[in-house]
K.L.:
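Just passing along the structure, written as structure tokens.
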Amino acid sequence: MIDSELKKHIAFAINKLYGQQILPEQLAVEPTKTDFKGDFTFVVFPFLKQSKKGPEQTATDIGEYLLKEFSVVSGYNVIKGFLNIELSGRFWFDFLIHNHNLNSFGFTPADGSSRVLVEYSSPNTNKPLHLGHIRNNLLGYSVAELLKANGHTVFTCNLINDRGIHICKSMLAWMKAGMKDTPENTGKKGDKLVGDYYVAFDKQYKAEMKALIENGMAEEEAEKNAPSMLEAQELLRKWEAGDAETISIWKKMNSWVYDGFDVTYKKLGVSFDKYYYESETYLLGKDMVKEGLDKGVFFTKDNGSVWVDLTADGLDQKLLLRADGTSVYITQDIGTAELKYKELACNKSIYVVGNEQDYHFKVLQLVMQKLGKPYATGIYHLSYGMVELPHGKMKSREGTVVDADDLIDEMIATATETTDALGKTEGLKEAELKQLNETIGLGALKYFILKVDPRKKMLFNPQESIDFHGNTGPFIQYTHARIRSVLRNAGAINAEELNRDELQLHEPEKKLLELLYQYPAAIKDAGQQMSPGVLANYSYEVAKAYNHFYHELSILKESNTHQRLFRIMLCTLTAHVIKSAFAILGIQVPERM
RNA sequence: GGUCCCAUAGCUCAGCUGGAUAGAGCACCGGUUUUCUAAACCGAUGGUCACAGGUUCGAAUCCUGUUGGGACUACCA
């Protein structure tokens with residue numbers, strides 16, 4: 001990479017000119033800001049001690065040295081302490097010639113030295129997926145792709161929260177309603193059906209609580225003593241005891257939910273290498289808690305409940321097992337962590353989970369450390385911010401939850417309207433048109449969500465998020481389609497015929513080339529930050545630069561055949577980078593739209 | 001009470017490992033189509049980077065405090 005080459009030469013220059021040893025890694029060389037002339041900028045301020053000269057003189061010294069000793073440097077200019085280095089056109093032409101047809105451009109090949117597991121989605125089986133899950137799923141998928149692009153060997157998994165009081169609530173409501181509704185006989189999607197029963201339970205429960213409170217019971221007492229709650233807890237005990245009928249109903253209802261989830265996952269384009277089920281890992285977790293007791297890193301309270309003391313780490317005491325011996329949420333996470341490591345032996349285990357669970361994952365990591373697990377340090381919580389609506393948080397009680405399936409359908413419907421209105425899709429078959437609108441609708445949704453830094457909470461405004469202009473997925477998809485159209489018109493080319501000496505580098509071409517050159521760095525940067533948003537915003541920059549180039553210069557009508565060929569190759573690489581970056585984001589890109 | 005996160009244009013977001021004049025999109029205003037896809041391009045307007053100190057050649061960026069918002073702190077998940 002040229003920037004590291006520049007660093008080496010600058011370090012050498014400092015040594016030669018001022019007799020000081022500087023490591024190239026200590027230097028910062030960055031792309032020059034667009035308002036200034038030059039390709040890369042080196043800031044000399046930090047090295048004035050070494051040079052014992054003023055900033056302008058120091059920058060000039062180094063610039064002069066580079067110009068003489070480093071052939072790709074064609075010029076330089078100095079503004080205050082900023083040395084702007086200009087590279088020869090030949091450098092940029094060579095870059096394009098070498099990479100325009102390289103499929104792996106920007107990707108680091110996997111060498112097997114790093115194995116990473118990405119857990120995401122991780123739904124409860126009592127409710128359909130909503131907008132929050134969409135962010136989770138898109139992030140998880142994209143981060144996994146991003147890590148693959150950075151040379152990690154990646155596995156994805158989905159930990160299903162299939163047991164616990166929540167599913168018992170849905171089961172109870174269904175049983176009380178006569179145990180007759182099924183997805184088949186109601187025509188409802190399985191997860192929606194089960195979700196409806198969860199709501200039915202909640203309604204009944206609330207009514208009971210209200211009655212109890214009116215009879216003079218304290219709210220806290222009423223919460224615990226409402227008959228529905230007691231029944232649900234009884235059902236959970238029966239489940240843990242392995243009661244045949246309970247297990248059978250549980251299996252039946254969960255399978256409905258899985259069928260429903262599969263439909264949504266498929267629409268979203270996400271998939272998992274492996275599924276874990278809490279029902280299969282919580283017992284292992286219990287064993288490990290006992291292991292911790294034996295080791296003396298956990299302790300028992302008088303009533304028999306098991307705790308870990310994390311006060312030395314700035315946290316509190318945390319419950320690991322209830323007094324009645326049943327497990328809590330973290331118990332199964334302990335078991336799952338162990339199982340994951342046994343099965344996949346990853347040195348890093350990423351949990352894509354909302355930031356409301358920051359505390360939980362701190363506890364988990366500390367618990368695993370106390371258990372002496374070697375993989376404890378590899379636990380990483382990718383903590384993303386909540387999705388909020390214009391009115392505030394989504395609340396199921398207030399009916400402000402944005403359903404995942406509904407949202408996807410709306411986005412596709414809007415895409416369809418726009419496509420029809422523009423009327424550019426003549427000649428496409430029905431199925432192709434449907435495919436195109438799905439691509440655009442999902443592209444809009446995915447890009448809207450992924451362009452935001454995962455760590456930040458984000459606002460989802462249904463009106464604005466379906467915009468297809470500006471910094472949006474469809475704009476970038478459109479740019480790709482536009483390029484593909486040019487390339488189709490260009491027909492086959494022979495890159496061998498290109499003679500660099502016949503070329504001129506114009507400003508829009510150079511801007512675009514500089515951006516394309518940064519693709520590998522963008523992948524690396526996004527990977528290190530685990531932020532697909534970095535790549536999304538990069539893609540947007542590329543699309544913008546291409547459209548500028550497209551508008552300013554003619555491609556196919558250029559009379560100089562070398563220049564024409566060069567521009568076609570520039571189109572090829574641009575299309576590839578957009579397609580490749582969008583693939584990492586999990587967004588497809590159309591040939592025409 | 002304790003712990004953690006956040007605050008940048010009217011709105012939504014970049015920029016944050018310290019570097020030049022803080023950038024985009026949307027909205028609003030104006031312009032561009034006999035030319036390879038106008039879902040495009042070009043221009044104008046819009047800022048006390050919450051506030052106050054500090055660190056230094058240099059702070060939106062790092063540190064401290066204040067204010068405002070949010071999350072967590074359940075024998076829920």
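Numbers restart at 1 for each chain; the letters A, B, ... are given by sequence-line order, proteins then strands.
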K.L.:
Counting just side-chain N and O atoms, does A:K456 come under 4.0 Å of either OP1 or OP2 of B:A14?
P.N.:
yes
K.L.:
What is the nucleic acid contact for A:L422, judged by heavy atoms within less than 4.0 Å: base, sugar-phosphate only, or nothing?
P.N.:
base
K.L.:
What I want to check is whether the side chains of A:S327 and A:R163 have a donor and an acceptor closer together than 3.5 Å.
P.N.:
yes
K.L.:
Under 4.0 Å from OP1 or OP2 of B:A14: is there any side-chain N or O of A:R455 that close?
P.N.:
no
K.L.:
So A:E591, base contact, sugar-phosphate only, or nothing? Heavy-atom distance under 4.0 Å.
P.N.:
base
K.L.:
Verify the stacking flag for A:F36 against B:A20: centroid separation must be under 5.5 angstrom and the ring planes must differ by under 30 degrees.
P.N.:
yes
K.L.:
Let's test this: given Watson-Crick or G-U wobble pairing with both distances under 3.5 Å, identify the partner of B:A40.
P.N.:
B:U32
K.L.:
My understanding is that a pair needs two contacts under 3.5 Å, Watson-Crick or G-U wobble. By that rule, which nucleotide pairs with B:C16?
P.N.:
none
K.L.:
Looking just at side-chain N and O atoms, do A:R482 and A:N547 make a donor-acceptor pair shorter than 3.5 Å?
P.N.:
yes
K.L.:
Of all the heavy-atom pairs spanning A:Q435 and A:Q588, show the shortest one and how long it is.
P.N.:
NE2-OE1, 3.5 Å
K.L.:
Check this one for me: any side-chain N or O of A:R484 less than 4.0 Å away from OP1 or OP2 of B:U37?
P.N.:
no
K.L.:
Applying a 4.0 Å non-hydrogen cut-off, can you work out what A:H548 is touching in the nucleic acid: base, sugar-phosphate, or nothing?
P.N.:
sugar-phosphate
K.L.:
Select one nucleotide: of B:A14, B:C72, B:G19, the one nearest the side-chain heavy atoms of A:F82.
P.N.:
B:G19
K.L.:
A:F45 side chain: which of B:G19, B:A14, B:A20 is closest?
P.N.:
B:G19
K.L.:
What is the nucleic acid contact for A:P55, judged by heavy atoms within less than 4.0 Å: base, sugar-phosphate only, or nothing?
P.N.:
nothing
K.L.:
Is it the case that the side chain of A:D467 and the backbone of A:H469 share a donor-acceptor pair, with hydrogens and angles ignored and the cut-off at 3.5 Å?
P.N.:
yes
K.L.:
With heavy atoms under 4.0 Å as the rule, sort A:T419 into base, sugar-phosphate or nothing.
P.N.:
base
K.L.:
Output the single nucleotide from B:A20, B:U73, B:A14 whose closest atom is nearest the side chain of A:K80.
P.N.:
B:A20
K.L.:
What's touching nucleotides 29-36 of chain B from the protein side, N or O pairs under 3.5 Å?
P.N.:
{"residue": "B:U35", "atom": "O2'", "partner": "A:K557", "partner atom": "NZ", "Å": "2.3"}
{"residue": "B:C36", "atom": "O2'", "partner": "A:N489", "partner atom": "ND2", "Å": "3.1"}
{"residue": "B:C36", "atom": "O2", "partner": "A:L556", "partner atom": "N", "Å": "2.9"}
{"residue": "B:C36", "atom": "N3", "partner": "A:I555", "partner atom": "N", "Å": "3.1"}
{"residue": "B:C36", "atom": "N4", "partner": "A:Y550", "partner atom": "O", "Å": "2.7"}
{"residue": "B:C36", "atom": "N4", "partner": "A:L553", "partner atom": "O", "Å": "2.7"}

K.L.:
Within the modelled atom types, does a donor on one side and an acceptor on the other bring the side chain of A:T41 and the base of B:A20 under 3.5 Å apart?
P.N.:
yes
K.L.:
Need one value for A:N84: base, sugar-phosphate or nothing, where a base atom within 4.0 Å counts as base even if backbone is also close, heavy atoms only.
P.N.:
base
K.L.:
For the side chain of A:T32, starting at C-beta, report the closest nucleotide among B:A20, B:A7, B:A77.
P.N.:
B:A20
K.L.:
Can you tell me the base-pairing partner of B:C49? Count Watson-Crick or G-U wobble geometry only, both distances below 3.5 Å, and say none if there is no partner.
P.N.:
none
K.L.:
Is there a side-chain contact between A:K33 and the phosphate of B:A20, meaning an N or O under 4.0 Å from OP1 or OP2?
P.N.:
yes
K.L.:
Do A:Y329 and A:Q357 get their side chains close enough for a donor-acceptor pair, meaning under 3.5 Å?
P.N.:
yes
K.L.:
With sugar-phosphate meaning primed atoms plus P, OP1 and OP2, does A:Y359 contact a base, only sugar-phosphate, or nothing at under 4.0 Å between heavy atoms?
P.N.:
sugar-phosphate
K.L.:
Within this structure, what is the OH-to-C1' distance between A:Y546 and B:A40, rounded to whole angstrom?
P.N.:
12 Å
K.L.:
Base, sugar-phosphate, or nothing for A:M458, non-hydrogen atoms under 4.0 angstrom?
P.N.:
sugar-phosphate
K.L.:
Could you tell me whether A:I440 contacts a base, only the sugar-phosphate backbone, or nothing, with contacts defined as non-hydrogen atoms closer than 4.0 Å?
P.N.:
base
K.L.:
For A:S554 and A:E558, test the side chains for any donor-to-acceptor distance below 3.5 angstrom and give the result as yes or no.
P.N.:
no
K.L.:
Looking only at non-hydrogen atoms, find the nearest pair between A:G354 and A:Y384 and report the distance.
P.N.:
N-CE2, 3.3 Å
K.L.:
Counting only Watson-Crick or G-U wobble pairs whose two distances fall under 3.5 Å, which nucleotide matches B:C62?
P.N.:
B:G54
K.L.:
Counting side-chain heavy atoms from CB outward, which of B:A77, B:A71, B:U73 is closest to A:E356?
P.N.:
B:A71
K.L.:
Let me know, please, whether A:D358 or A:P474 comes out on the 5' side of the other along RNA chain B by nearest nucleotide.
P.N.:
A:D358
K.L.:
Is there a donor in the side chain of A:D162 and an acceptor in the side chain of A:T125, or the other way round, less than 3.5 Å apart?
P.N.:
no
K.L.:
Consider only side-chain N and O atoms of A:E86 and A:N77, and report whether a donor and an acceptor are under 3.5 Å apart.
P.N.:
yes
K.L.:
Tell me which nucleotide among B:A77, B:A40, B:G19 gets nearest to the side chain of A:E278.
P.N.:
B:A77
K.L.:
Quick check: on RNA chain B, is the nucleotide nearest A:Y478 upstream (toward 5') of the one nearest A:D525, or the reverse? Name the residue that is more 5'.
P.N.:
A:D525
K.L.:
Ignoring hydrogens and angles, tell me if any N or O in the side chain of A:E591 forms a donor-acceptor pair with the backbone of A:A481 under 3.5 Å.
P.N.:
no
K.L.:
Is there a Watson-Crick or G-U wobble partner for B:U3 with both distances under 3.5 Å, and if so, which one is it?
P.N.:
B:A71
K.L.:
Please name the nucleotide paired to B:U21 by Watson-Crick or G-U wobble geometry with both distances under 3.5 Å, or report none.
P.N.:
none
K.L.:
For nucleotides 26-28 of chain B, which of its nitrogen or oxygen atoms have a protein nitrogen or oxygen under 3.5 Å away, and what is each distance?
P.N.:
none

K.L.:
Under 4.0 Å, heavy atoms only, any strand: does A:D324 hit a base, just the sugar-phosphate, or nothing?
P.N.:
nothing
K.L.:
Between A:K7 and A:D3, is there a side-chain N and carboxylate O pair less than 4.0 Å apart?
P.N.:
no
